Structure formats: C-alpha cells, structure tokens
Number of protein chains: 2
Amino acid sequence: MGLSKTEIFTDQQNQIALFAKVFGHPARVAILEYLFKLNTCVCGDLVDEIGLAQPTISQHLKELKLLGLIKGNVEGTSVCYCIHKENWTKMKELMVQFLDQDINTTNCC
Amino acid sequence: MGLSKTEIFTDQQNQIALFAKVFGHPARVAILEYLFKLNTCVCGDLVDEIGLAQPTISQHLKELKLLGLIKGNVEGTSVCYCIHKENWTKMKELMVQFLDQDINTTNCC
DNA sequence: TCTATTAATCGTAATATTGCAATGTAATAA
DNA sequence: TTATTACATTGCAATATTACGATTAATAGA
C-alpha cells in the first residue's frame, strides 16, 4: 500500500501529520535551522551548507515551500529563501497544542 | 534510494526528525490523542476507536513504543497502553525548542 | 549574441512505509 | 484439555520517499 487512509481521520489530525512529516527528515530540519540561524534570507549557499546534491536540496525546499513554511524570492540568478513567519506561527500553535496535552497524574501503567 | 543520509546531520537534527516522523502519520496522531483524552490507560479498544485493521494498529503502536512515547502493560489477555510521561516531556522540550526559534523581525523576502 | 551561473525539473534506482490477510502466541474460560 | 480472546508477527502488494545524474530554464555579464 504505502497510502495513508487520511479520510478516516480528522482534518486536524491530518494537518498535524502533514507538518510532522515534513520535519521527519534531518535535511529539512537542518535547512530550517539554518534559515533561523542566519536571521535573514539565504541566497544560494544552502547546497554548500547542507551536504547533499543540488537537486536533492531543491526537492526538500520545494516540500517546505509547498507547505508554506518558507518563502522563496528570485534574486537575479539565485533564489533567496526565508521562513514564512505567519505560517510558521500558525503551524507552531497547532503542533504545540498537540504536544502540550495534559498528562494524567494518576498512574495507570 | 529512500535512505536518509543521517551521518551528515547533528544528533539533535536526527532526533527531531525521528520524533517528527512518528507523528507524520494521522493514525499515530489519533492514537496518541486518544490516549491523552482517556486520561488513563487504554486496554483493547484502540482497534475499534481508530478505523484500521488490528495488525495495522499493532504496527503503529510498536513504532510509538520503540521511540519510548508510550508504555504497554500486559493485563490478562489484553494489553494496556498509555503515554510515557517522562519521555513525552523530554520529546516535547526538544520539539518546542525547534519550533520556537526566534523569527527575525527585519524583513528580507 | 554567447557563455557562465544558479536553481528547477526529469528520470530512475534503491529503499521505506502503509495496510492487511494469514498465522502465531499467550493467557483466560469452559 | 480444549476453546476463546487479544494481540503480535510474518509475508506481501501497492505506493511513497530519498538521492542524484542529466537536462532544462532563466538571468547576468562579456
């Protein structure tokens, strides 16, 4: 199969899974951390920074862009990327809400 | 390929990716939300709750257990599951730290 | 115009994931 | 002892993901 049965889950559950999935690869985590670290847009040097081939990086960037977590601006021959603030904040709220659920204090297991 | 080049990333990046990956499927999100909602351990009714076949649920539970996010206790013929509090908290700290990075206020893109 | 540079896309191979039927296993019930 | 019940494991088919070489597209500069 390899195909998730998304229709039996809530929109929220599917959305959490979609965001989590994109963070489920260290290269994408590394790209995002780099974008945060630089504190400005990155034009070009992502391929040198992360140790993967150019088409691979391009593919990871595409997925991040598709989910709206980063923005890409064409600047001459290169492309500048940065975090999409509003969408990142929205995503963060969704994820933190999921992660921050109350854990029952009365032990069971 | 289908194989991540984990060796070129930091331990932290790989750890974030591992946790995120397990949340990258709505069934596992649903299982965890159900465990939180019940606020006690779940013995048995997970297959009825989530709409997937028993072997499929069993497999998802295995992955959650493997990462230490849930505990399973044998209780007669059934098995009771609940959130592994300490590990969940540790995981949450790692993830929130990643999600909560400062976004530069000076616009670039 | 020609060429270099940069990044996206295409094509493809290797591997991973998802889902479930069939089967195995362990504990309780009759 | 023999069901029965509850869950794990196995095996497999369908699909997804990862990675990269080759190519293409677009712009900048000579």
Side-chain angles (χ1 to χ4, degrees), chain A residues 1-9 13-14 17-32 34-35 41-67 70-82 109, chain B residues 1-9 13-14 16-31 34-35 41-67 70-82 109:
Chain A
M1 299 257 152
L3 178 63
S4 299
K5 284 191 159 182
T6 55
E7 70 280 4
I8 65 173
F9 303 106
Q13 287 164 344
N14 283 316
L18 277 180
F19 282 127
K21 202 183 214 171
V22 91
F23 298 141
H25 194 291
R28 291 189 290 260
V29 172
I31 288 171
L32 290 166
Y34 188 63
L35 288 179
C41 43
V42 173
C43 303
D45 57 345
L46 267 168
V47 175
D48 302 321
E49 182 63 22
I50 322 287
L52 292 169
Q54 180 267 320
T56 309
I57 297 291
S58 190
Q59 207 172 292
H60 285 308
L61 287 169
K62 193 181 174 184
E63 286 178 70
L64 290 168
K65 224 185 322 183
L66 205 73
L67 269 181
I70 64 173
K71 288 189 276 191
N73 273 43
V74 178
E75 199 101 348
T77 51
S78 67
V79 179
C80 297
Y81 290 101
C82 63
C109 301
Chain B
M1 295 254 153
L3 178 61
S4 298
K5 285 191 158 181
T6 55
E7 70 278 4
I8 65 172
F9 302 106
Q13 287 164 343
N14 283 316
I16 290 171
L18 277 181
F19 282 126
K21 203 184 212 169
V22 92
F23 299 140
H25 194 291
R28 292 189 290 261
V29 172
I31 289 171
Y34 189 63
L35 288 179
C41 41
V42 173
C43 303
D45 56 345
L46 265 169
V47 174
D48 303 320
E49 182 63 23
I50 321 286
L52 291 169
Q54 180 266 322
T56 309
I57 297 290
S58 190
Q59 206 173 294
H60 286 307
L61 287 169
K62 192 180 175 186
E63 286 177 71
L64 289 168
K65 223 184 326 182
L66 205 73
L67 268 182
I70 63 173
K71 286 189 277 190
N73 273 43
V74 178
E75 200 102 347
T77 50
S78 67
V79 179
C80 297
Y81 289 101
C82 63
C109 301

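Just so it is clear, the structure is predicted and the values come from calculations on it, not from any experiment. Hydrogens, waters and symmetry mates play no part in the numbers below; they use all other heavy atoms, side chains included. Chain A is the first sequence line, chain B the second, and so forth, proteins listed ahead of strands; every chain is numbered from 1.
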*Specify the residue among Ala53(B) and Glu75(B) whose closest nucleotide of DNA chain C lies further upstream toward the 5′ end.*
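Mapping each residue to its closest nucleotide by heavy atoms, the 5'-most match is Ala53(B).
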
Hey, does the side chain of [X] come within less than 4.0 Å of [N]'s phosphate (OP1/OP2), counting only N and O?
X: Tyr81(A); N: dA8(C); result: yes
X: Lys62(B); N: dC7(D); result: no
X: Ser78(A); N: dT6(C); result: no
X: Lys21(A); N: dT17(D); result: yes
X: His60(A); N: dA19(D); result: yes

Interatomic distance where [atom1] belongs to [X] and [atom2] belongs to [N] [whole Å]:
X: Lys5(B); N: dT15(C); atom1: NZ; atom2: P; answer: 13 Å
X: Leu61(B); N: dT17(C); atom1: CG; atom2: P; answer: 17 Å
X: Asp48(A); N: dT5(C); atom1: CG; atom2: C1'; answer: 13 Å
X: His25(B); N: dC20(C); atom1: NE2; atom2: C1'; answer: 13 Å
X: Asp45(B); N: dT5(D); atom1: CG; atom2: P; answer: 17 Å
X: Leu66(B); N: dT9(D); atom1: CG; atom2: C1'; answer: 15 Å
X: Glu7(B); N: dA19(D); atom1: CD; atom2: C1'; answer: 12 Å
X: Asn73(A); N: dA8(C); atom1: CG; atom2: C1'; answer: 16 Å

_I want to verify a distance call: between dC10(C), dC20(C), dT18(D), whose nearest atom is closest to the Pro55(B) side chain?_
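My answer, after comparing the listed nucleotides, is dC20(C).
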
_Nearest to the Lys65(B) side chain among dC10(C), dA6(D), dA8(D), which nucleotide is it?_
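Closest of the options to the side chain of Lys65(B): dA8(D).
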
*asked:* With side chain to side chain contact (heavy atoms under 4.5 Å, CB included) as the criterion, how do Asn73(B) and Val79(B) come out once you've worked through the C-alpha distance, each side chain's angles and the decisive distance to 0.1 Å?
replied: CA-CA 5 Å; Asn73(B) 273 43; Val79(B) 179; 5.9 Å; no

*Does the dC10(C) base have a donor-acceptor partner in the side chain of Gln59(A) within less than 3.5 Å?*
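No, the side chain and the base share no sub-3.5 Å donor-acceptor pair.
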
*asked:* Taking donor-acceptor contacts at under 3.5 Å, does the side chain of Gln54(B) reach the base of dA6(D)?
replied: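 Side chain to base: no pair present.
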
*Sugar-phosphate only, base, or nothing, as touched by Leu52(B) at under 4.0 Å among non-hydrogen atoms*: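 Contact class for Leu52(B): sugar-phosphate only.
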
*Below 2.5 Å, is that where the SG pair of Cys82(B) and Cys41(B) sits?*
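Looking at Cys41(B) and Cys82(B), their sulfur gamma atoms do not lie closer than 2.5 Å, so the answer is no.
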
*Chi angles and distances behind the side chain to side chain contact (heavy atoms under 4.5 Å, CB included) call for Tyr34(B), Asp45(B)*: CA-CA 10 Å; Tyr34(B) 189 63; Asp45(B) 56 345; 3.0 Å; yes

*asked:* Below 30° counts as parallel, above 60° as perpendicular, anything between as tilted: where do the rings of His25(A) and Phe9(B) land?
replied: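 Perpendicular, since the angle between the ring planes exceeds 60°.
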
*If you find the nucleotide of DNA chain D closest to Thr56(A) and the one closest to Thr77(A), which residue's nucleotide is nearer the 5' end?*
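Its nearest nucleotide being more 5', the pick is Thr56(A).
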
*Measuring from Ile16(B):CD1 to Phe23(A):CZ, what's the distance to the nearest 0.5 Å?*
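Rounded to the nearest 0.5 Å, the CD1-CZ separation comes to 9.5 Å.
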
